[in-house]
2 protein chains.
Amino acid sequence: MEEKDHLREELNEKLVEFFDRFTSWESSVIESGNMKISDAHAIEILGHHGRMNMKELACRLGITTGTTTMAVDRLERGGFARRVRAEHDRRSYIIELTEEGTLAYEEHHRHHLNLAGEIASVLGEDDTRTFIEILQKINEHI
Amino acid sequence: MEEKDHLREELNEKLVEFFDRFTSWESSVIESGNMKISDAHAIEILGHHGRMNMKELACRLGITTGTTTMAVDRLERGGFARRVRAEHDRRSYIIELTEEGTLAYEEHHRHHLNLAGEIASVLGEDDTRTFIEILQKINEHI
DNA sequence: ATCGAATTGTTTGATTATCAAACTATTTGG
DNA sequence: CCAAATAGTTTGATAATCAAACAATTCGAT
């Protein structure tokens with residue numbers, strides 16, 4: 001049982017360090033573009049999951065709808081996104097990326113793929129596949 | 001080469017999802033205590049790496065020293081940390097956790113170990129070891 | 001069909017986090 | 001010994017956030 005505790009400690013240690021490194025990598029990538037972190041996060045979500053209404057965007061961003069209103073105002077002012085009235089519910093808006101917003105998303109996505117590529121080349125093909133399977137299992141259960 | 005691209009895409013996909021889940025797990029743990037995220041982050045760093053001066057803390061938090069001054073003021077007011085004059089440099093303060101701060105850190109650390117334990121039990125012992133090795137390799141190279 | 005309750009998004013008012021730049025006190029190096 | 005560098009604080013401005021009140025619309029029970 002002491003053995004299991006040790007494994008747990010070690011896993012936590014590596015996870016926290018990994019998380020820290022990933023976080024600061026993400027910040028530096030975003031700041032190297034001329035984009036604020038919060039805007040970049042919204043663009044990332046819209047690019048990844050596609051158009052959605054304010055409520056869903058707020059939920060995915062983990063902020064209130066009020067704050068999301070401000071964020072989307074900013075994105076519209078910057079030319080990255082637009083509000084479109086929802087067809088079947090006139091209370092609701094669908095937020096979608098403009099062409100410029102899509103370009104910004106693709107630029108960001110390229111950075112992500114570069115990182116993934118670097119990781120894959122460090123691990124080699126077999127370990128990369130194993131890593132993907134492990135992450136998949138964790139994502140399903142956590 | 002198309003094969004490699006696909007692997008990269010898949011790895012990125014899983015990494016981003018994992019990162020998202022870990023982030024919202026962390027937020028919910030912190031908010032379940034009555035702690036602000038930024039304070040919790042400082043306490044985590046002080047608990048993990050031990051006492052350090054303002055500059056190092058600022059650097060590890062990824063914020064300016066000015067902002068760190070405010071953060072440490074808050075921690076002192078809340079009874080979680082204290083400033084101690086550095087022995088050999090009277091410009092400098094060493095920031096350390098109080099007993100209450102240490103308890104808060106240990107509480108947070110327990111949550112982390114629980115998550116690590118959950119992950120370990122989902123993966124089983126062999127995959128957990130593999131996962132740790134992989135994370136280790138990535139942390140060394142990224 | 002209608003009306004009260006629920007839902008969607010916005011506004012408002014307050015608070016907090018943040019930065020850059022100016023500042024103070026101290027140390028360091030030539 | 002003094003100029004430059006360094007550690008931390010203060011200041012003034014801005015951005016991000018929340019909770020609560022609000023308006024417009026939809027839903028559901030009767």
Side-chain angles (χ1 to χ4, degrees), chain A residues 23-24 26-28 30-46 49-96, chain B residues 23-24 26-28 30-46 49-96:
Chain A
T23 302
S24 60
E26 182 87 12
S27 304
S28 75
I30 288 171
E31 278 155 20
S32 80
N34 33 21
M35 180 77 62
K36 306 268 177 212
I37 303 263
S38 59
D39 292 350
H41 199 185
I43 287 175
E44 214 181 330
I45 287 173
L46 288 168
H49 295 96
R51 60 216 296 282
M52 64 187 71
N53 67 17
M54 296 294 289
K55 195 190 178 184
E56 185 177 352
L57 181 56
C59 175
R60 286 193 190 273
L61 284 167
I63 59 182
T64 63
T65 56
T67 303
T68 306
T69 294
M70 300 301 183
V72 171
D73 285 352
R74 236 178 6 256
L75 291 180
E76 278 199 320
R77 249 181 286 128
F80 295 106
R82 68 172 79 89
R83 288 171 168 90
V84 181
R85 293 232 73 125
E87 293 208 0
H88 299 305
D89 186 343
R90 301 207 303 157
R91 291 168 304 181
S92 193
Y93 291 100
I94 304 298
I95 317 304
E96 60 184 23
Chain B
T23 301
S24 60
E26 182 87 12
S27 303
S28 75
I30 288 171
E31 278 155 19
S32 82
N34 33 22
M35 182 77 62
K36 306 269 177 211
I37 303 263
S38 59
D39 292 350
H41 198 186
I43 288 175
E44 216 181 329
I45 286 172
L46 288 168
H49 293 97
R51 60 216 296 282
M52 66 187 68
N53 65 18
M54 297 293 288
K55 196 189 176 184
E56 185 176 352
L57 182 57
C59 174
R60 285 194 191 273
L61 285 167
I63 60 183
T64 63
T65 57
T67 304
T68 306
T69 294
M70 301 299 183
V72 171
D73 285 353
R74 239 180 2 259
L75 290 179
E76 276 197 321
R77 250 181 286 128
F80 294 106
R82 68 172 77 89
R83 286 172 169 88
V84 181
R85 293 232 73 125
E87 296 207 357
H88 300 304
D89 186 343
R90 303 205 304 159
R91 291 168 303 182
S92 192
Y93 291 101
I94 303 298
I95 316 305
E96 59 184 24

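Chain A is the first sequence line, chain B the second, and so forth, proteins listed ahead of strands; every chain is numbered from 1. These numbers come from a predicted model, not from an experiment.
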Is a side-chain N or O of B:Arg85 found less than 3.5 angstrom from the main chain of B:Arg90, in a donor-acceptor match?
->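 Here the side-chain-to-backbone pair exists.
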How far apart are the closest heavy atoms of B:Leu75 and B:Ala42, and which atoms are they?
->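 Looking at all heavy atoms of both residues, the closest pair is CD1-CB, 3.9 Å.
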Heavy-atom pair of closest approach, residues A:Ser92 and A:Asn53 |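 Looks like OG-CB, 3.6 Å.
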First of B:Met70 and A:Arg85 reached from the 5' end of DNA chain D, by closest nucleotide =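 On the 5' side of the pair lies B:Met70.
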Taking any atom under 4.0 angstrom from a heavy atom of chain A, which nucleotides of DNA chain D are the first and last to qualify, 5' to 3'?
->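 Endpoints of the contacted stretch of DNA chain D: D:dA16 to D:dT26.
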Sequence neighbours excluded, which residues qualify as side-chain hydrogen bond (donor to acceptor under 3.5 Å, both in side chains) partners of A:Thr67?
->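 side-chain hydrogen bond (donor to acceptor under 3.5 Å, both in side chains) list for A:Thr67, sorted by chain: A:Thr64.
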Is the shortest side-chain N/O distance from B:Thr64 to OP1 or OP2 of C:dC19 below 4.0 Å?
->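 The answer is yes; a side-chain N or O of B:Thr64 sits under 4.0 Å from OP1 or OP2.
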What's the [atom1]-[atom2] distance between [X] and [N], to the nearest Å?
X: B:Ile37; N: C:dT16; atom1: CD1; atom2: C1'; value: 13 Å
X: B:Ile63; N: C:dT16; atom1: CD1; atom2: C1'; value: 13 Å
X: A:Arg74; N: C:dT10; atom1: CZ; atom2: P; value: 14 Å
X: A:Glu76; N: C:dT10; atom1: CD; atom2: C1'; value: 13 Å

Would you indicate what A:Ser38 reaches in the nucleic acid, counting non-hydrogen atoms under 4.0 angstrom: base, sugar-phosphate, or nothing?
->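 If one applies the 4.0 Å heavy-atom cut-off, A:Ser38 turns out to touch the sugar-phosphate alone, with no base involved.
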Just wondering, do [Y] and [X] contact through their side chains at under 4.5 Å, heavy atoms?
X: A:Asp39; Y: A:Phe80; value: no
X: A:Ile37; Y: A:Glu31; value: yes
X: B:Leu46; Y: B:Met52; value: yes
X: A:Leu61; Y: A:Glu44; value: no

Would you give the length of the straight line joining atom CD1 of A:Ile95 to atom CZ of A:Arg82, rounded to the nearest 0.5 angstrom?
->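 Going from CD1 on A:Ile95 over to CZ on A:Arg82, the span is 11.0 Å.
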State which residues pass side-chain contact (heavy atoms from CB on, under 4.5 Å) with A:Thr68; sequence neighbours excluded, sorted by chain then number.
->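 Result, side-chain contact (heavy atoms from CB on, under 4.5 Å) vs A:Thr68: A:Met54, A:Leu57, A:Ala58, A:Ile63, A:Val72.
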For the helix from C:dA1-D:dT30 to C:dG30-D:dC1, what is the angle between the axes at its two ends, each from 5 pairs, rounded to 10°?
->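 That helix gives 30° between its end axes.
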Can you list every salt bridge (Lys or Arg N to Asp or Glu O under 4.0 Å) pair that touches residues 56-66 of chain A, not counting sequence neighbours?
->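 For residues 56-66 of chain A, and leaving out neighbouring residues, the salt bridge (Lys or Arg N to Asp or Glu O under 4.0 Å) pairs sorted by first residue read A:Glu56-A:Arg60.
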Give me, pair by pair, the N or O atoms of the protein and of nucleotides 6-9 of chain C that are less than 3.5 Å apart, along with how far apart they are.
| unit_1 | atom_1 | unit_2 | atom_2 | d |
| --- | --- | --- | --- | --- |
| C:dT7 | O2 | A:Arg91 | NH1 | 2.4 |
| C:dT8 | OP2 | A:Lys55 | NZ | 2.7 |
| C:dT8 | O3' | A:Ser92 | OG | 3.3 |
| C:dG9 | OP1 | A:Met54 | N | 3.2 |
| C:dG9 | OP1 | A:Ser92 | OG | 2.7 |
| C:dG9 | OP1 | A:Tyr93 | N | 3.4 |
| C:dG9 | OP1 | A:Tyr93 | O | 3.4 |
| C:dG9 | OP2 | A:Lys55 | N | 2.7 |

